[in-house]
Amino acid sequence: MTELSQERRLVTSIPGPKSQELMARKVAAVPSGIGVTLPVFVTRAGGGVLEDVDGNSLIDFGSGIAVTSVGNSAEAVVRRATAQLADFTHTCFMVTPYEGYVEVAEQLNELTPGDHEKRTALFNSGAEAVENAVKIARSYTKRTAVVVFDHGYHGRTNLTMALTAKNMPYKEGFGPFAPEVYRVPLAYGYRWLTGAENCAEEAAAQAIDMITKQVGAENVAAIVIEPIAGEGGFIEPAKGFLPKIAEFAKANGIVFVADEIQTGFCRTGQWFACDDEGVVPDLITTAKGIAGGLPLAAVTGRAEIMDAAHAGGLGGTYGGNPVACAAALGAIETMKELDLNARARRIEEVMKGRLHAMQEKFAVIGEVRGRGGMIAVELVEPGTKTPNAAVTAALAKACHAEGLVVLTCGTYGNVLRFLPPLVIGEDLLNEGLDIIEEALTRA
Ligand SMILES: *Cc1c(COP(=O)(O)O)cnc(C)c1O
């Protein structure tokens with residue numbers, strides 16, 4: 001097969017006629033509850049581009065939601081997964097095990113924060129990992145309550161819907177939700193009423209007060225938090241907030257769970273976003289970037305906590321599928337060989353440089369934030385902090401029409417987020433930013 005050329009190339013309008021035909025088939029065959037951000041049907045992808053059925057080549061600032069950090073069909077991922085496919089596709093690790101699973105567990109135990117003894121269990125999706133982290137924490141603590149945060153996102157299963165903050169579209173009409181879930185404030189500096197400088201201190205105090213007074217710390221099995229809120233709007237909790245919450249958990253025998261499903265594996269310029277403030281979680285959930293696009297997820301954590309659940313209490317038919325494990329080993333190999341942490345930090349430098357300059361020119365940009373290859377702009381009504389979801393949607397649409405895949409997020413739907421593959425070329429990165437700037441000029 002010929003190399004994918006790393007360029008944007010538009011030969012039809014977006015979506016093109018073949019994509020439109022396929023979209024009509026999608027509408028007839030797939031429920032409308034499964035939404036589509038940009039209805040171009042992909043035939044090949046790699047590096048920083050996606051090629052569609054009409055022969056267009058689009059710049060990818062989405063990575064399939066922070067998944068293909070090593071690029072699509074990365075060489076080591078394809079090589080290892082292909083070899084594994086030819087050897088065997090499945091035995092069920094709980095029936096007759098295989099080395100790949102153990103190797104992925106060893107890698108995760110080594111790469112995640114902290115040098116204590118660890119264990120890793122593998123699953124299929126992020127939501128499943130979060131559910132299992134809660135099961136493990138409850139089993140270890142013999143407590144039931146789970147504390148989560150404003151703007152949090154943890155998945156779409158029944159328990160993880162309960163853990164997720166935003167109603168529409170994730171929860172609307174899907175209740176009743178799992179009980180014993182309590183939500184407390186997140187240190188969202190940009191929107192903190194008394195100002196960003198007071199945010200970490202005040203938000204932590206409020207969260208801790210709510211936990212102690214409304215739930216009872218002694219009833220809490222786990223505190224589950226994203227070190228940077230992803231779907232909620234790429235919100236970096238104000239510095240100092242995470243360590244304070246982690247300390248509180250430790251002092252009260254609560255399992256501190258970092259949900260690094262979106263932030264993990266070099267995405268933020270470090271192996272894990274918790275590394276930034278030296279926070280060592282008791283348990284950490286991972287998925288998305290872990291296996292170069294194959295479905296895999298994990299819970300990694302302190303041996304004594306992970307070993308608390310009885311034999312047979314954890315698992316699943318497909319969890320840690322051998323092909324997905326081979327892909328993960330290829331992805332991790334790629335991250336190390338190409339030093340994707342350094343690449344992510346370079347992406348941050350380029351993107352923030354350009355976006356801060358745009359913020360000077362365009363009053364709709366309220367804030368530029370994020371770390372590494374996880375960067376966003378929060379859009380507001382000029383001169384205020386009123387969320388501007390309309391301009392956000394219009395900007396995303398304008399970018400799509402020009403062949404740039406961007407995503408939106410945020411509790412108020414007013415955040416444009418950028419998650420390029422960490423292997424994207426700098427020329428494509430800049431071309432994508434040109435398209436964003438052009439869209440802002442016209443908005
Ligand atoms: C995507 C995501 C999940 C859910 O992962 P799925 O694989 O979609 O189930 C959970 N937590 C965070 C932080 C995520 O970004």
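Both counts, for ligands and for their atoms, begin at 1 and track the order of listing. Note that these values count all heavy atoms, side chains included, but never hydrogens, waters or copies made by symmetry. Everything numeric here is computed off the predicted structure, so don't read it as measured data.
The local environment of OH in Y190 is crowded, with over 12 non-hydrogen atoms from other residues, nucleotides or ligands closer than 6.0 Å.
Closest protein heavy atom to atom 4 (C) of ligand 1: A127 N, 3.7 Å. When hydrogens are left out, the protein atom nearest atom 13 (C) of ligand 1 is E226 OE1, 3.2 Å; that is the closest non-hydrogen contact.
Among the atoms of K288, some N or O lies under 3.5 angstrom from an N or O of ligand 1. Of the polar atoms of G126, at least one N or O is found under 3.5 Å from an N or O of ligand 1, judged by distance alone. For D259, a nitrogen or oxygen atom sits less than 3.5 Å from a nitrogen or oxygen atom of ligand 1, counting backbone and side chain alike. Here's the thing with E231: none of its N/O atoms is less than 3.5 angstrom from an N/O atom of ligand 1.
With no hydrogens or angles considered, no side-chain donor-acceptor pair links Q359 and E367 at under 3.5 Å.
Within 4.0 Å of atom 8 (O) of ligand 1, not a single protein heavy atom is present.
Residue S125 has at least one heavy-atom neighbour below 4.0 Å for each of these atoms of ligand 1: 7 (O), 9 (O).
In this structure, T334 has no side chain to side chain donor-acceptor pair (under 3.5 Å) partners at least two apart in sequence or on a different chain.
Between E117 and R302 there is no salt bridge, since no side-chain N of the basic residue sits under 4.0 Å from a carboxylate O of the acidic one. A salt bridge links D276 with K239: the closest approach of a Lys/Arg side-chain nitrogen to an acidic carboxylate oxygen falls below 4.0 angstrom.
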(request) Show your reasoning for whether side chain to side chain donor-acceptor pair (under 3.5 Å) applies to K171 and T164. (result) CA-CA 8 Å; K171 302 165 79 163; T164 290; over 6 Å; no
